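Every heavy atom of this structure was used, including side-chain atoms; hydrogens, water molecules and symmetry mates were not. In this text the structure is predicted, and so the values were computed from the model without any measurement.
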Amino acid sequence: MMRANTFNLQRSFTLSSFALNLPADRYFDPDPAQKKIALELYGLIADQPLICPHGHVDPRMFADPAYQFGTPADLLLIPDHYIFRMLYSQGIALEQLGVPRTDGGPVETDHRKIWQTFADHYYLFRGTPTGMWLADEFYNVFGVRQKLNSATAQAIYDQIAECLTKPEFRPRALFERFNIAVLATTDAAHDKLEHHQAIKASGWPGRIVPTFRPDGVVNLDRPDWRENLNALAETCGYEITSYQTLLRALEERRAYFKTLGATATDHAAESAYTEELSDAEADAIFQRALQGKLAGHDATRFTGNMLMQMARMSCEDSLVMQFHPGSCRNHNDVVFTKFGFDKGCDIPLMTEYTRSLRPLLNRYGNDARLTLILFTLDETTYSRELAPLAGHYPALKLGPPWWFHDSLNGMRRFRDQAMETAGLYNTAGFNDDTRAFPSIPARHDLARRVDANWIAGLVVRGIVDEADAAEMMHDAAYRLAQRAYKFV
């Protein structure tokens with residue numbers, strides 16, 4: 001009997017090995033009662049517009065109505081560190097994947113060969129969020145009905161390549177097809193925002209807004225700090241030779257970002273440390289940075305002080321403040337030297353919030369003018385620190401599971417550990433945080449299914465009734481993000 005069952009299972013695998021299938025009830029709990037309610041809740045919001053308040057999609061693709069994505073490798077592989085970091089972990093050189101080197105050194109330029117390498121190793125993404133997103137993209141965006149593997153690689157490449165030649169697969173058309181209500185990009189403080197200007201001037205109704213990110217000039221220990229400071233000075237039209245001049249430049253740039261629709265800022269640091277320095281202390285550190293003579297904890301203290309200043313500015317200009325601490329950037333020196341920033345070798349750190357954020361929250365956390373959306377890569381802080389903080393301070397909301405944790409299980413853990421203390425309404429909804437534009441619907445769909453399943457679990461346990469569950473579903477899917485990021 002066991003042998004027969006094993007044979008039938010193996011035969012089933014063989015017959016279905018090339019078929020790509022997305023079950024309608026995917027990601028839901030196997031309990032029939034919970035699954036039924038989850039499907040009903042998901043159906044309420046499955047077609048609602050997507051709110052994309054934080055991400056890294058390049059705005060220039062929307063500035064030019066004729067913009068085309070290039071090859072399937074250009075679109076899906078070469079720019080996506082979620083994909084190539086996994087391949088690199090299995091010994092595949094980034095040069096083989098066409099990732100550009102900072103020194104202009106040779107990399108693979110045959111995109112069919114790059115795609116074949118990807119397909120040969122596509123099995124590595126089984127059970128991962130990247131695998132889930134890609135399956136959804138292939139099926140729903142490009143109409144692919146076969147699994148990607150060594151044998152199907154070139155046929156699928158041809159199918160996607162043909163799609164990318166059509167007008168309906170240009171960025172603006174996909175934006176409308178994806179039913180995106182608003183998409184926020186992330187832009188350096190010195191960015192002139194010419195692509196956002198072009199989008200606005202074109203008359204196209206798609207809502208693409210910038211987000212102000214000043215990390216490049218406030219984190220003094222960045223290897224490109226001086227380069228970024230010079231770029232900011234060029235954009236502003238005056239030299240930045242003091243702390244006070246830096247504050248002036250940042251305030252001016254924030255105001256300009258707002259004229260092009262910005263509603264938020266974004267900040268990253270290794271730790272959540274905050275400290276308010278006197279002007280004299282801050283300028284002394286800034287002068288040491290200009291001279292290349294930073295000492296001790298200068299950079300940490302300056303960044304901590306600048307977070308205080310950013311909160312102060314947000315109280316004054318109403319821009320929502322996002323804070324993403326806890327990543328050790330560019331951990332792999334070899335990859336960073338060859339390929340530069342954002343190449344899949346950033347690693348999460350243990351992060352302390354309660355004491356680190358106390359100076360900022362005591363100064364601004366009770367101010368109704370501030371919205372501070374806080375993210376973490378340290379899941380151990382959900383119930384111990386983040387939920388209690390968000391469940392108390394009026395200014396503070398929790399961002400969704402981020403980066404390494406925007407996954408099926410990561411979202412479940414967040415709901416299980418943070419909601420009892422923080423409550424749903426001290427969170428900021430979902431954001432996709434992606435550079436991979438075609439993956440946006442898949443990422444939102446996964447999040448909406450996870451939330452439908454979580455809320456259905458509350459219903460079957462008698463914690464909320466069906467009417468409250470329906471309201472919670474609409475809030476989690478889009479209304480919380482609309483409100484938190486001031487898109488309403």
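- Put simply, the side chain of His56 reaches to within 4.5 Å of the side chain of Asp433, judged on heavy atoms.
- At a threshold of 4.5 Å between non-hydrogen side-chain atoms, the residues Tyr485 and Asn431 count as touching.
- Taking 4.0 Å as the cut-off between side-chain N and carboxylate O, Glu40 and Lys36 count as a salt-bridged pair.
- For the residue pair Thr185 / His196, a side-chain donor-acceptor distance below 3.5 Å is found, with atom types taken as modelled.
- In this view, Phe487 satisfies the ring-ring contact (aromatic ring centres under 6.0 Å, His included) rule with no residue, not counting sequence neighbours.
- Residues Asn409 and Arg412 meet the side-chain proximity criterion, which asks for heavy atoms closer than 4.5 Å.
- No salt bridge links Arg112 with Asp110; every basic N to acidic carboxylate O contact stays at or beyond 4.0 Å.
- Between the side chain of His405 and the main chain of Leu377, a donor-acceptor pair closer than 3.5 Å is present.
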Residue pair His81, Asp342: steps toward the side chain to side chain donor-acceptor pair (under 3.5 Å) verdict: CA-CA 7 Å; His81 62 75; Asp342 302 320; 6.0 Å; no
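- Here the CZ atom belonging to Phe118 is positioned 5.5 Å from the CZ atom belonging to Phe125, to the nearest 0.5 angstrom.
- Between the side chains of Asp74 and Thr71, at least one donor N or O lies within less than 3.5 Å of an accepting N or O.
- If you check the side chains of Glu234 and Asn230, you find no donor sitting under 3.5 Å from an acceptor.
- Side-chain atoms of Thr130 and Arg85 form no donor-acceptor pair, as typed in the model, at a separation below 3.5 Å.
- Residues Asp406 and Arg443 are paired through a salt bridge, judged by an N-O separation under 4.0 Å between the basic side chain and the carboxylate.
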Criterion ring pair (Phe, Tyr, Trp, His ring centres under 6.0 Å) on Phe336 and Phe341, from CA distance to verdict: CA-CA 6 Å; Phe336 179 65; Phe341 292 94; 5.1 Å; yes
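- In this structure the side chain of Asn149 reaches within 4.5 angstrom of the side chain of Phe18, judged on heavy atoms.
- Considering CZ of Phe212 and CG of Asp266, their distance stands at 11.0 Å, rounded to 0.5 Å.
- Asn453 and Tyr42 share no donor-acceptor pair across their side chains, judged by distance under 3.5 Å alone.
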Verdict with supporting geometry, Glu168 and Arg177, salt bridge (charged side-chain N to carboxylate O under 4.0 Å, His left out): CA-CA 9 Å; Glu168 57 265 37; Arg177 174 180 161 190; over 6 Å; no
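- A donor-acceptor pair under 3.5 Å links the side-chain atoms of Arg253 to the main chain of Ala189, judged by distance alone.
- Salt bridge status for Arg329 with Asp346: present, with a side-chain N to carboxylate O gap under 4.0 Å.
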Side-chain atoms of residues 132-145: list all donor-acceptor pairs with protein atoms under 3.5 Å, sequence neighbours left out, distances to 0.1 Å.
{"from": "Asp136", "atom 1": "OD1", "to": "Asn140", "atom 2": "ND2", "distance (Å)": "2.7"}
{"from": "Arg145", "atom 1": "NH1", "to": "Tyr139", "atom 2": "O", "distance (Å)": "3.0"}

Ring pair (Phe, Tyr, Trp, His ring centres under 6.0 Å) assessment of Phe62 paired with Tyr67: CA-CA 7 Å; Phe62 303 103; Tyr67 183 96; 8.4 Å; no
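- Taking CG of Asp451 as the reference point, atom CE of Met473 lies at 5.0 Å (rounded to 0.5 Å).
- Contact annotation: the side chain of His267 approaches that of Leu307 to within less than 4.5 Å [non-hydrogen atoms, C-beta and beyond].
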